[in-house]
Amino acid sequence: MKTVEELGKQQAKSLRAQKAIADATIKCLFEKGYGETTLTRVAAMAGFSKGALQHHFPSKEDLMTATADTLLSRPFAQNSSPESKPKTVEEALSRPWKKMTNTPAYRALLEILIAARTDDKLQDRISDNLHRWNKAMDEQSLEHYQSVGGTDEDVVALLTMTRSLMRGLVIQDRYSEDPTENERHVQRWVKLIAPQLKLR
């Protein structure tokens, strides 16, 4: 029977392996897209054999579900120290675009979400977590903002529209010839809705 120390080391090793695999999956999704992100390719990128990868994630669905869970947790793992808090509504609204949405990790998440639209099994695996994520994002919106002359529902609606706009701009990005266009759209949107919100 293994000692507690041996079990602890084995668990730590397993967690390191899972993180390396998750990082490789995100990189592969970003660079190659969902269709070309295979277990064999991810294993090679992570420095594992396919068999070693399947010890942790037996199927592509398992791998994509775990990766989606990791990526969906990112907005709630940010530094919340007083020094890191935005000073203005404009800064707070702009930050997700720069720190979260316009990133390789978010583009990797979009690959999974788009695939789940037509892959019923994948959709079933990630839908509950997506519902929890949406609810948590709404709660986070109300923790950070209040409406100027409106209601909490207005706050949730404005932040939902903001996330939807940013998500759409990421998809549209490949069709734009101007690399600064999306940033201008984001800043214009921020200027439009900032007067309707204030920080809590």
Q.
Using the rule given for side-chain contact (heavy atoms from CB on, under 4.5 Å), can you reason through Arg74 versus Thr103, listing the C-alpha separation, both sets of side-chain angles and the distance that settles it, and then say yes or no?
A. CA-CA 12 Å; Arg74 290 170 66 238; Thr103 63; 3.7 Å; yes
- Task: List the steps, then state whether side-chain contact (heavy atoms from CB on, under 4.5 Å) holds for Leu165 with His185.
- Result: CA-CA 9 Å; Leu165 170 74; His185 288 323; 5.6 Å; no
| field | Derivation of the side-chain contact (heavy atoms from CB on, under 4.5 Å) call for Asn102 and Asn182 | value | CA-CA 9 Å; Asn102 193 27; Asn182 281 348; 5.9 Å; no
**Q.** Chi angles and distances behind the side-chain contact (heavy atoms from CB on, under 4.5 Å) call for Gln54, Asp62
**A.** CA-CA 9 Å; Gln54 288 184 292; Asp62 293 319; over 6 Å; no
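A distance of 11.5 Å separates OG in Ser49 from CG in Leu39, rounded to the nearest 0.5 Å. The structure places OG1 of Thr37 at 11.0 Å from CD1 of Ile26, a figure rounded to the nearest 0.5 Å. In this structure, Met64 CE and Phe57 CZ are separated by 10.5 Å, a value rounded to the nearest 0.5 Å. Distance CD1/Ile21 to CG/Leu63: 7.5 Å, rounded to 0.5 Å. Interatomic distance, CG of Leu199 versus OG1 of Thr88, reported as 7.0 Å (0.5 Å rounding). Arg107 contributes atom CZ, which lies 4.5 Å from atom CG of Asp173 (distance to the nearest 0.5 angstrom).
The pair Lys19-Asp23 meets the salt-bridge criterion, with a side-chain N (NZ, NE, NH1 or NH2) lying under 4.0 Å from an Asp/Glu carboxylate O. Between Asp138 and Arg163 there is a salt bridge, since a side-chain N of the basic residue sits under 4.0 Å from a carboxylate O of the acidic one.
When the side chains of ILVMFWY residues are joined at heavy-atom separations under 4.5 Å, either directly or via intervening members, Val148 and Leu159 end up in two distinct hydrophobic clusters. When hydrophobic clusters are built by joining Ile, Leu, Val, Met, Phe, Trp and Tyr residues whose side-chain heavy atoms come closer than 4.5 Å, directly or via intermediates, Val186 is grouped together with Ile171. If you chain together hydrophobic residues whose side chains sit under 4.5 Å apart, Phe30 and Leu113 never meet in one group. Met45 and Leu29 are not part of a single hydrophobic cluster, where members link through side-chain heavy atoms under 4.5 Å apart.
In this structure, Arg132 and Asn129 have side chains that are in contact, with non-hydrogen atoms separated by less than 4.5 Å. Two residues are said to be in side-chain contact when any heavy atoms from C-beta on lie closer than 4.5 Å; His56 and Ser14 meet this criterion. You'll find the side chain of Met166 stays beyond 4.5 Å of the side chain of Trp189, heavy atoms only. Two residues are said to be in side-chain contact when any heavy atoms from C-beta on lie closer than 4.5 Å; Ile126 and Leu72 fail this criterion. Residues Val170 and Trp97 have side chains in contact (heavy-atom distance under 4.5 Å, counting atoms from C-beta outward).
Judged by distance alone, with hydrogens and angles left aside, the side-chain atoms of Thr70 form a donor-acceptor pair with the main-chain N or O of Ala66 at under 3.5 Å. The backbone N or O of His131 lies less than 3.5 Å from no partner atom in the side chain of Asn134, so there is not a single donor-acceptor pair. Formation of a donor-acceptor pair under 3.5 Å by the Ser164 side chain with backbone atoms of Thr160 is found in this model. Panel note: side chain Glu36, backbone Lys32; no donor-acceptor pair is recorded below 3.5 Å. Looking only at distances, no side-chain donor or acceptor of Glu111 sits under 3.5 Å from a matching main-chain atom of Gly33.
Within 6.0 Å of atom CZ in Arg188, 12 or fewer heavy atoms from other residues, nucleotides or ligands are found, so the atom counts as exposed in its surroundings. Within a 6.0 Å sphere centred on CZ of Arg117, heavy atoms belonging to other residues, nucleotides or ligands number 12 at most. The environment of Lys60 atom NZ is dense: over 12 non-hydrogen atoms of other residues, nucleotides or ligands sit within 6.0 angstrom.
When only modelled atom types and interatomic distance are considered, Glu61 and Thr65 share no side-chain donor-acceptor pair under 3.5 Å. If you check the side chains of Thr151 and Glu153, you find a donor sitting under 3.5 Å from an acceptor. For the residue pair Asp178 / Ser176, no side-chain donor-acceptor distance below 3.5 Å is found, with atom types taken as modelled.
Here the closest non-hydrogen pair linking Lys85 and Lys87 is O-NZ, 3.4 Å. The two residues Ala24 and Val42 have their closest heavy-atom pair at CB-O, 3.8 Å.
With Tyr145 as the fixed residue, the side-chain contact (heavy atoms from CB on, under 4.5 Å) test singles out one of Leu158, Val156, Leu93: Leu93.
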